[in-house]
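These notes are about the structure you will find just below.
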2 protein chains.
Amino acid sequence: MIDEISLKILNILQEKARIPNVEVARQVGMAPSAVLERIRKLEKQGIIDGYEVRLNPERFARGFVAFIFVKAGETPGEIPVGEMLARIPEVQEVHFVAGEDAYLVKIRVADAGELGNIIREKIAQVDGVLSTRTATVLTTFKETARIPIGEARET
Amino acid sequence: MIDEISLKILNILQEKARIPNVEVARQVGMAPSAVLERIRKLEKQGIIDGYEVRLNPERFARGFVAFIFVKAGETPGEIPVGEMLARIPEVQEVHFVAGEDAYLVKIRVADAGELGNIIREKIAQVDGVLSTRTATVLTTFKETARIPIGEARET
DNA sequence: GTTGAAAATATACAGAC
DNA sequence: GTCTGTATATTTTCAAC
């Protein structure tokens, strides 16, 4: 479904998404129009989901990362706790994890103080939340949304 | 350090990073050249870190997410466990978290089987790794690297 | 920051494979 | 169906203000 050339194009875009089309064409050795057509098709097929700018969190007072396990006892018929948590702007990720009826929440804030405020004022207030357990991050070694492609694992 | 106009530009780019410059200029009501100059400056200042294409993980057999707590007893003088974990391609995030001498690892794989393989063959093999505890994700409610800007929180 | 013109790039399209 | 090559439209770049 995805051939070698498209994989190469995707790899180039993963490296540097704002690269001009002609440059991509040069790197894969094809005419720009052909590359453009492929990219448009990858977008329409939903293989390319979109393009994002990556901002430096430190520069926006968002350098402090924490993961919070949120235990919830859902009440049927209401908005799921996960959706309520997702609406908090500082929250970047909300996953429901197996095994303990809990959500795992990734959050980015300025410092420990702000973290405490949000847990108390926003997370604990969500209907159905029973308890939270927080793990604050001291050092980040890797943080990317990139997925390795090229080993012919396409579906 | 960042004024209203640059914030607006960043918000537009966060919405849709591959938008043409002239379109950004239209939206902020300035000349394209001025917008370009601002963007270049934001890039040089490291406020804009880069641009990324967002690929659909499902289409690359990477729809299964898990978080793994990796307990480690570091041996001084060697490569930190966190760095070794970061080198595993399927691993998207590695954080050292406070309180339990443990790393929190986010990983994307095809399925539970592949997860088991990687834990056994790659993670458990890293020098200094003592034990792992895995939480597999059943549902993801939110997953973004976007940080809310605009509330004048800039540093 | 703006304008305006030159250069580069993106897009659409016709024809070859 | 995908590629190349060409034309046309749009955007980027850069100098002058």
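Each chain gets a letter, A, B and so on, in the order its sequence line appears, and its residues count up from 1.
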Contact residues, residues 41-52 of chain A to DNA chain C [heavy atom, < 4.0 Å]:
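None - not one residue of the stretch has a heavy atom sitting under 4.0 Å from the strand.
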Which residues in residues 22-39 of chain B have at least one heavy atom lying under 4.0 Å from any atom of DNA chain C?
B:M30, B:A31, B:S33, B:A34, B:R38
Pair B:Y103-B:E93, side-chain donor/acceptor within less than 3.5 Å:
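No, no side-chain donor-acceptor pair sits under 3.5 Å.
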Distance under 4.0 Å to a non-hydrogen atom of chain B counts as contact; along DNA chain D, which nucleotides mark the start and end?
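For DNA chain D, the relevant span reads D:dT11 to D:dC14.
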Atom pair CD1/CD1 of B:I48 and B:I39 - distance to nearest 0.5 Å:
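If we round to the nearest 0.5 Å, B:I48:CD1 and B:I39:CD1 are 6.0 Å apart.
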Has B:E37 got more than 12 heavy atoms of other residues, nucleotides or ligands less than 6.0 Å from its CD?
no
Touch check for B:R18, heavy atoms < 4.0 angstrom, all strands: base, sugar-phosphate only, or nothing?
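No contact at all - B:R18 keeps every heavy atom at 4.0 Å or more from the nucleic acid.
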To check you understand the geometry: which heavy-atom pair defines the closest contact between A:K142 and B:V91, and what is its length?
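Looks like NZ-O, 2.8 Å.
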In short, B:I2 meets B:S6 closest at the heavy-atom pair CG2-CB, 3.6 Å
Does the pair A:I118 and A:E114 meet the rule for a side chain to side chain contact (heavy atoms under 4.5 Å, CB included), with working shown?
CA-CA 6 Å; A:I118 291 176; A:E114 194 186 356; 4.1 Å; yes
Could you work out how much the helix from C:dG1-D:dC17 to C:dC17-D:dG1 bends, comparing the axis of its first five pairs with that of its last five, to 10°?
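For the helix from C:dG1-D:dC17 to C:dC17-D:dG1, the axes at either end differ by 30°.
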Looking at residues at least two apart in the chain, or sitting in another chain, which of them share a side-chain hydrogen bond (donor to acceptor under 3.5 Å, both in side chains) with A:E52?
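Result, side-chain hydrogen bond (donor to acceptor under 3.5 Å, both in side chains) vs A:E52: B:R54.
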Mark yes or no for whether B:R38, through its side chain, and B:I9, through its backbone, hold a donor-acceptor pair below 3.5 Å.
no
Taking B:T144 for its side chain and B:R146 for its backbone only, find out whether a donor-acceptor pair lies under 3.5 Å.
yes
5'-most by nearest nucleotide on DNA chain D - A:I5 or B:R40:
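Result: A:I5.
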For A:Q27 and A:K8, what are the C-alpha separation, side-chain angles and deciding distance, and is it a side chain to side chain contact (heavy atoms under 4.5 Å, CB included)?
CA-CA 9 Å; A:Q27 290 190 33; A:K8 206 167 169 187; 5.9 Å; no
Between A:R108 and A:E143, is there a salt bridge with N-O shorter than 4.0 Å?
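So A:E143 pairs with A:R108 through a salt bridge.
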At the 4.0 Å heavy-atom cut-off to chain B, mark where contacts on DNA chain C begin and end, going 5' to 3'.
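First and last nucleotides in contact are C:dG1 to C:dT3.
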